[in-house]
Every structure is written in C-alpha cells, then in structure tokens.
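Note: hydrogens, waters and symmetry copies are ignored here, and every other heavy atom, side chains too, is used.
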Amino acid sequence: MTDGDRPLTSPSETTINNDTNNRLAIAQERMARVSNTAPIKKVEGFWSDFKAFINRGNVIDLAVGVIIGGAFGAITNSAVQDMLMPFVGLATGTQFEEALFVLRNGTPPPPYTTRDQAKEAGAVTVNWGNFIQQIVNFLLISLVLFFVIK
C-alpha cells in the first residue's frame, strides 16, 4: 500500500515507547519540582499573611472589645435577672421570667410553674416573660453603652 511513492506505515513501537518515556520523565521532573516548592510557599505565605492580619491594630482592638463586651453582657444579665426582675416579679406576683402561655398541653397537663416543667411535659409554650426580660436586658445594655459613648 503506497500513497504515491511513499509507503503508508505507522511509527514503530520503539519510537512510541521512547517518546512516551521521554514525556513521562519530563512530567515526573516537573511534578518533583512543583511538589517540593509549592506547599512550602503556600504555608509560608499563609503564615506571613496571618501575622500581618493579627498585627493590625484593628484586629487586636476588636478582640479586646469582644472580650469586654462578653464580660459586660454577663454583668448586665446578672443586673437584670438578679437585681431588677425580682422587683418586677414582686409587683406582678410571679417570677416574671417564668411567665408563659401554653399552646398545647403536655403530659401531665398544666398548670406548669416553670418553663422547665412545661418542656419536660412536652408542652408547647410561648415564653413571653423571658422575652420581656431579654428586651429589658437589651435596653439596659443600650442605655449603659449610650452613656459610655457620650
């Protein structure tokens, strides 16, 4: 079988194997170079970026603010629950944070004196007393922050 004067032949197996082996060796060499340097550069880049991020003054200020805010929130919660709400409870004749409205009875049926009792019984409740207490807590925190900022 000829095409004009030139015979139609395919490359020999030896030529194909040599070419494939050369390409494989080149690919392995490239992979070795990339795998030896890329992860180290990525890790070094990550740590240097992280150090730059942490050393910014804003991040440190934000961290201090969050920590102080958490402590301030705990103090305010205590002030509302332990100092203010007992007087509200005295005026209403009940422990205000435990005030609830039963939507569906549980077993045993009501009356439930606490949210925990209702939860254990499987009752579905609207805990409106706790909601009001959280609103008072928020308003007190806002008021103190207003005075601090002003």
Side-chain angles (χ1 to χ4, degrees), residues 10-11 13-150:
S10 62
E13 273 188 48
T14 307
T15 306
I16 293 172
N17 285 341
N18 287 341
D19 188 44
T20 303
N21 287 338
N22 288 339
R23 289 183 185 190
L24 181 61
I26 291 170
Q28 287 174 336
E29 183 181 314
R30 285 181 184 165
M31 287 297 292
R33 274 186 283 159
V34 169
S35 66
N36 287 338
T37 59
I40 294 170
K41 286 182 181 177
K42 285 182 182 178
V43 170
E44 288 174 357
F46 170 79
W47 286 114
S48 63
D49 290 346
F50 183 69
K51 285 179 187 176
F53 174 75
I54 290 298
N55 287 330
R56 290 183 185 165
N58 295 346
V59 174
I60 305 278
D61 293 343
L62 179 63
V64 170
V66 167
I67 292 169
I68 291 175
F72 182 72
I75 291 170
T76 307
N77 269 342
S78 177
V80 170
Q81 291 176 352
D82 301 330
M83 304 294 284
L84 182 64
M85 295 312 278
F87 292 109
V88 173
L90 192 62
T92 61
T94 183
Q95 197 173 5
F96 198 72
E97 75 179 50
E98 296 294 341
L100 55 91
F101 178 75
V102 178
L103 295 176
R104 185 182 71 200
N105 293 342
T107 306
Y112 306 114
T113 56
T114 65
R115 291 178 290 159
D116 290 336
Q117 280 181 344
K119 185 176 180 180
E120 287 174 13
V124 177
T125 61
V126 175
N127 302 321
W128 63 271
N130 187 46
F131 179 71
I132 299 295
Q133 180 172 340
Q134 296 305 319
I135 290 174
V136 170
N137 195 6
F138 170 77
L139 292 174
L140 186 60
I141 290 172
S142 300
L143 181 66
V144 170
L145 286 176
F146 173 76
F147 286 130
V148 167
I149 291 172
K150 275 299 201 183

Open item on the list: Consider side chain to side chain contact (heavy atoms under 4.5 Å, CB included). Of Leu62, Ile67, Ile68, which one does Val64 pass it with?
Closed with: Ile68

Could you list the donor-acceptor pairs under 3.5 angstrom formed by side chains in residues 112-124, with sequence neighbours left out?
{"residue": "Tyr112", "atom": "OH", "partner": "Gly106", "partner atom": "N", "Å": "3.0"}
{"residue": "Tyr112", "atom": "OH", "partner": "Pro108", "partner atom": "O", "Å": "2.6"}
{"residue": "Thr113", "atom": "OG1", "partner": "Gln117", "partner atom": "OE1", "Å": "2.8"}
{"residue": "Thr113", "atom": "OG1", "partner": "Gln117", "partner atom": "NE2", "Å": "3.3"}
{"residue": "Thr114", "atom": "OG1", "partner": "Gln117", "partner atom": "N", "Å": "3.1"}
{"residue": "Gln117", "atom": "OE1", "partner": "Thr113", "partner atom": "N", "Å": "2.7"}

- [ ] Could you label the plane-to-plane angle of the Phe50 and Trp47 rings as parallel, tilted or perpendicular, counting under 30° as parallel and over 60° as perpendicular?
- [x] perpendicular

- [ ] Could I get the full list of salt bridge (Lys or Arg N to Asp or Glu O under 4.0 Å) partners for Arg104, not counting sequence neighbours?
- [x] none

TODO: Would you give the length of the straight line joining atom CG of Asn127 to atom CD of Glu98, rounded to the nearest 0.5 angstrom?
DONE: 8.0 Å

Open item on the list: Give me the atom names and distance for the closest heavy-atom approach of Trp128 to Phe101.
Closed with: CD1-N, 3.9 Å

- [ ] Give the minimum heavy-atom separation between Pro86 and Val80, together with the two atoms involved.
- [x] CD-O, 4.3 Å

Task: Gap between atom CG of Leu140 and atom CD1 of Ile135 - 0.5 Å precision - done: 13.5 Å

Open item on the list: Strictly distance-based, threshold 3.5 Å: is any side-chain N or O of Ser78 a donor or acceptor partner for the main-chain N or O of Ala74?
Closed with: no

